[in-house]
Amino acid sequence: MTRAWTLPILLVLCGSVVAAGLFSSGSPGEAVTLLLVFALLAGVNSPLIFPRSIGALEAQRRSAVDGRPVVFWRSGCRYCLRLRIRLGRRADRLHWVDIWRDPAGAAAVRAANDGNETVPTVLMAGRPHVNPDPAWVRAQLDADGG
């Protein structure tokens, strides 16, 4: 759990230190702007913008029932972030598994990727797709009518 928040916390701390330096040198406007930029970067790289994660076993069980794909992801991954942003509201149509919070999810990704924890890995109809194009994922979701 702490690994998922390491980068966002470091971004906020670094931004705070630099902003404090700017503030003390007489540039409060620049300090506030910089701190907001670092806070935004921290938010984007945190688990907060992703749909609620569930365990891999539960995600696979739900997927078997409702046919929705499973996305294995981790915070700080720019490709996961790209997929999440490009899916927009469609992101709720998938089951999300944070591999840093779920050892079974990490094991499933390693099994699908020759021992590597390459994310995002999308499990669609029981078949893994490693770092798929977000447009392709959207098209699959639209084709299924979900």
Side-chain angles (χ1 to χ4, degrees), residues 1-22 29-146:
M1 166 122 170
T2 58
R3 196 165 46 166
W5 288 99
T6 302
L7 180 59
I9 289 170
L10 284 174
L11 285 168
V12 169
L13 289 175
C14 289
S16 298
V17 168
V18 174
L22 284 171
E30 290 179 29
V32 169
T33 302
L34 187 75
L35 188 56
L36 288 174
V37 168
F38 271 85
L40 178 65
L41 286 172
V44 166
N45 285 288
S46 77
L48 294 176
I49 69 162
F50 288 87
R52 181 174 160 83
S53 287
I54 58 175
L57 299 176
E58 178 64 15
Q60 290 169 343
R61 185 193 67 75
R62 289 182 188 182
S63 179
V65 172
D66 62 20
R68 293 180 177 188
V70 177
V71 179
F72 296 96
W73 70 283
R74 65 172 174 76
S75 62
C77 168
R78 68 181 182 180
Y79 302 106
C80 297
L81 181 61
R82 177 186 75 153
L83 177 64
R84 168 60 188 99
I85 289 171
R86 293 220 182 134
L87 285 176
R89 286 186 241 154
R90 292 180 184 98
D92 289 337
R93 298 183 193 168
L94 297 102
H95 301 292
W96 294 78
V97 178
D98 184 348
I99 66 167
W100 279 358
R101 291 185 176 184
D102 185 51
V109 170
R110 285 192 302 271
N113 295 302
D114 298 321
N116 297 311
E117 289 186 355
T118 307
V119 289
T121 296
V122 178
L123 190 62
M124 194 170 293
R127 185 168 174 223
H129 301 273
V130 181
N131 195 15
D133 186 302
W136 180 83
V137 175
R138 280 194 323 265
Q140 299 305 307
L141 291 172
D142 293 341
D144 289 341

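Taken to the nearest 0.5 Å, the SG atom of Cys77 stands 11.5 Å off from the CD atom of Glu117. In this structure, CZ in Arg101 is found 13.0 Å from CD1 in Ile54, a value given to the nearest 0.5 Å. The OG atom of Ser75 lies 9.5 Å from the CD1 atom of Ile99; values are rounded to the nearest 0.5 Å. Summarising the geometry, atom CG belonging to Leu11 is positioned 6.0 Å from atom CG belonging to Leu41; distances are rounded to the nearest 0.5 Å.
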Start with the C-alpha gap between Asp142 and Arg93, add the side-chain angles, then the distance that decides, and say whether salt bridge (Lys or Arg N to Asp or Glu O under 4.0 Å) holds. CA-CA 10 Å; Asp142 293 341; Arg93 298 183 193 168; 3.5 Å; yes

Do Leu141 and Leu87 pass the side chain to side chain contact (heavy atoms under 4.5 Å, CB included) test, and can you show the C-alpha distance, the side-chain angles, and the key distance before you say yes or no? CA-CA 10 Å; Leu141 291 172; Leu87 285 176; 4.2 Å; yes

For the pair Val137 and His129, evaluate side chain to side chain contact (heavy atoms under 4.5 Å, CB included) and give the outcome as yes or no after the intermediate values. CA-CA 10 Å; Val137 175; His129 301 273; over 6 Å; no

Arg110 and Asn116: side chain to side chain contact (heavy atoms under 4.5 Å, CB included), yes or no, with the steps? CA-CA 5 Å; Arg110 285 192 302 271; Asn116 297 311; over 6 Å; no

Given Val122 and Leu83, is the side chain to side chain contact (heavy atoms under 4.5 Å, CB included) satisfied, shown in steps? CA-CA 10 Å; Val122 178; Leu83 177 64; 4.2 Å; yes

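Between Arg82 and Pro134, the closest heavy-atom pair is NH2-CD, 3.6 Å. In this structure, Ala19 and Leu34 approach most closely via the heavy-atom pair N-CD2, 4.2 Å. Residue Gly15 comes nearest to Phe38 through the heavy atom pair CA-CG, 3.4 Å, listed as atom of the first residue, atom of the second, then distance. The two atoms that bring Leu22 and Ala31 nearest to each other are CB-CB, 3.9 Å, heavy atoms only.
Identified under the salt bridge (charged side-chain N to carboxylate O under 4.0 Å, His left out) test for residues 43-61, with sequence neighbours left out: Glu58-Arg61, Glu58-Arg62.
At distances below 3.5 Å, at least one donor-acceptor pair connects side-chain atoms of Ser16 with backbone N or O atoms of Val12. Arg84 places a side-chain N or O within donor-acceptor distance of the main-chain N or O of Gly88, the cut-off being under 3.5 Å.
With sequence neighbours excluded, the residues that form a side chain to side chain donor-acceptor pair (under 3.5 Å) with Ser53 are Trp73.
For the pair Glu30/Val18, no side-chain contact is recorded, criterion being any heavy-atom separation below 4.5 Å from C-beta on. Inter-residue side-chain proximity for Val70 and Phe72 is flagged as met; some heavy-atom pair is nearer than 4.5 Å. Pro69 is not listed as a side-chain neighbour of Leu123, based on a closest heavy-atom distance of 4.5 Å or more.
Taking a cutoff of 4.0 Å between a charged side-chain nitrogen and a carboxylate oxygen, Arg68 and Asp92 do not qualify as a salt bridge.
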